Amino acid sequence: MLVQADVAKGAEPEVDVDVVTLSHDQVVHARDRATGLRAIVAIHDTTLGPALGGTRFYPYIDERRALQDVLRLSQGMTHKAALAGLPLGGGKAVILGDPAQLKTRDLLRAYGHLVESLGGRYITAADVGTTSADMDVVGETTRHVVARTPRAGGSGDSAPLTAYGTFYAMRAAAQHVWGTPTLAGRTIGVEGLGKVGYELVALLLADGAAVVASDISTAATTRADHWTDLRIVDDVTRENIEVYAPCAMGGTVTAPLVDSLSAAIICGAANNQMAHPNVEESIRRRGITWVPDYVANAGGLIQVAGERERLDRDTVTRQVGRIGDTVQELLAGAQRDGICAGAAADAMVAGRLVAARRAQRA
Ligand code: NAI
């Protein structure tokens with residue numbers, strides 16, 4: 001039996017209301033005693049369309065942290081979808097607990113019932129702690145799921161198109177900074193040789209860039225052994241590089257890093273790259289061009305949006321390539337107005353939401 005407490009609709013909240021920012025359309029808490037499911041779905045904004053965002057399955061230390069995470073992530077999805085020009089809103093879900101211990105077929109099916117109960121206002125996908133195979137199971141009890149395996153009619157791994165979008169974002173930043181989009185002869189530092197980083201290195205080498213890369217996993221560096229012209233280092237940020245591409249964990253861009261970084265551009269796929277919002281101002285002062293992560297890494301979202309509309313791969317790939325146009329527009333606007341790229345992105349999102357609301361009223 002699924003028990004839901006719908007915070008935005010005024011039911012008794014399970015956590016302090018002060019952490020529920022009133023900017024969200026709806027926040028649903030749910031529990032299924034039979035399977036041990038405890039989940040929160042946050043629908044941030046549905047102005048542009050149904051809220052799409054992945055399900056993070058994570059052992060949060062308490063419910064308050066889980067709520068903060070899902071509120072922040074769902075808001076980020078509104079930004080990501082709006083900047084990618086998609087007819088989608090922002091949402092996200094978290095399942096509380098250790099997936100290694102708690103994830104069962106029955107729990108995923110119960111979670112699917114929860115998603116289905118929202119009537120399509122929220123569409124789920126895979127995220128940290130969940131896989132495409134899990135989404136196949138979730139899809140047994142809801143129609144509102146994407147990022148399933150190709151066998152189940154889904155579009156599969158989103159890393160290749162995420163890397164492709166990041167590559168076009170980087171080319172647009174190069175055009176902005178150096179007046180030409182090619183990365184040939186440029187030295188790029190790729191941090192993280194995981195699913196996305198690996199694909200990005202392939203694209204950069206094919207474009208003629210000199211690439212240095214780092215990864216804490218020897219399995220990841222070994223997989224890249226076949227590229228004889230790729231140089232593996234301990235820390236790319238200490239190298240003499242022209243572009244820093246964070247493709248591992250978030251929070252790596254700190255004020256001390258900005259002070260010592262040789263790169264003129266920061267553009268990578270890692271989510272939430274800024275260690276602190278103030279860091280962006282240091283970046284601007286040092287004259288470094290930062291491409292906001294939620295613009296550069298939107299390829300995966302564009303892919304699952306295309307899956308939902310049953311678009312073919314070529315059409316989706318073309319859409320992902322247009323991330324470069326958005327980056328050019330964004331960087332030019334930021335330069336013109338003397339503001340940070342993040343502030344320019346915020347303004348662009350606000351403009352798109354206001355225009356959509358106006359059109360809906362008319
Ligand atoms: P992944 O887990 O496949 O790869 C991450 C890699 O980073 C791993 O090989 C890991 O060993 C390495 N790593 C961890 N800490 C490191 C450190 N301090 N220095 C160097 N390497 C380190 O993850 P994936 O899918 O490649 O994602 C990379 C980033 O891109 C993540 O931040 C993710 O949230 C973001 N992203 C991924 C998308 C996707 O479709 N896979 C979509 C949008 C964003």
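Residue numbers count from 1 along this sequence. Note that this is a predicted model, so its numbers are computed, not measured. Numbering of ligands and ligand atoms starts at 1, following listing order.
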For [X], atoms of ligand 1 separated by under 4.0 Å from a heavy atom:
X: A270; answer: 29 (C), 30 (O), 32 (O)
X: G194; answer: 3 (O), 4 (O), 6 (C), 9 (O), 26 (O)
X: S158; answer: 39 (C), 40 (O)

Indicate whether the side chain of [X] and that of [Y] have a donor and an acceptor atom separated by less than 3.5 Å.
X: E242; Y: W178; value: no
X: S155; Y: Q303; value: yes
X: D45; Y: T47; value: yes
X: E199; Y: Y164; value: no

Fill in: Option with minimal heavy-atom separation from atom 2 (O) of ligand 1, where the choices are K195, M249, Q273
K195

Discussion item. Out of V196, T252, D234, D293, who is nearest to atom 26 (O) of ligand 1 when you count heavy atoms only?
Written reply: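 Among V196, T252, D234, D293, the closest heavy atom to atom 26 (O) of ligand 1 comes from V196.
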
A side-chain contact here means heavy atoms from C-beta on lying under 4.5 Å apart; do [X] and [Y] qualify?
X: E239; Y: T187; answer: no
X: V349; Y: L83; answer: yes
X: K80; Y: L86; answer: no

Quick check: [X] and ligand 1, any N/O pair under 3.5 Å apart?
X: G250; result: no
X: T162; result: yes
X: D215; result: yes
X: E191; result: no

Practice prompt. Please state whether C247 comes within less than 4.0 angstrom of ligand 1, counting heavy atoms only.
Written response: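 Yes.
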
Worksheet item: Below 4.0 Å from any atom of ligand 1, is there a heavy atom belonging to G192?
Response: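 Heavy atoms of G192 do come under 4.0 Å of ligand 1.
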
Minimum-distance protein heavy atom relative to [atom]:
atom: atom 36 (N) of ligand 1; result: A269 O, 3.8 Å
atom: atom 34 (O) of ligand 1; result: N271 ND2, 3.0 Å
atom: atom 18 (N) of ligand 1; result: I216 CG2, 4.1 Å
atom: atom 7 (O) of ligand 1; result: A248 CB, 3.3 Å

Practice prompt. Please determine if D207 and R171 form a salt bridge, counting it only when a charged side-chain N lies under 4.0 Å from a carboxylate O.
Written response: yes

Practice prompt. Decide whether V196 and V243 are clustered together by the hydrophobic rule: side chain heavy atoms of Ile, Leu, Val, Met, Phe, Trp, Tyr closer than 4.5 Å, transitively.
Written response: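 Looking at the clustering, V243 is in a separate group from V196.
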
Worksheet item: Which is it for D127 and K92 under the salt bridge (charged side-chain N to carboxylate O under 4.0 Å, His left out) test, yes or no, and what are the steps along the way?
Response: CA-CA 9 Å; D127 194 71; K92 201 87 181 182; 3.0 Å; yes

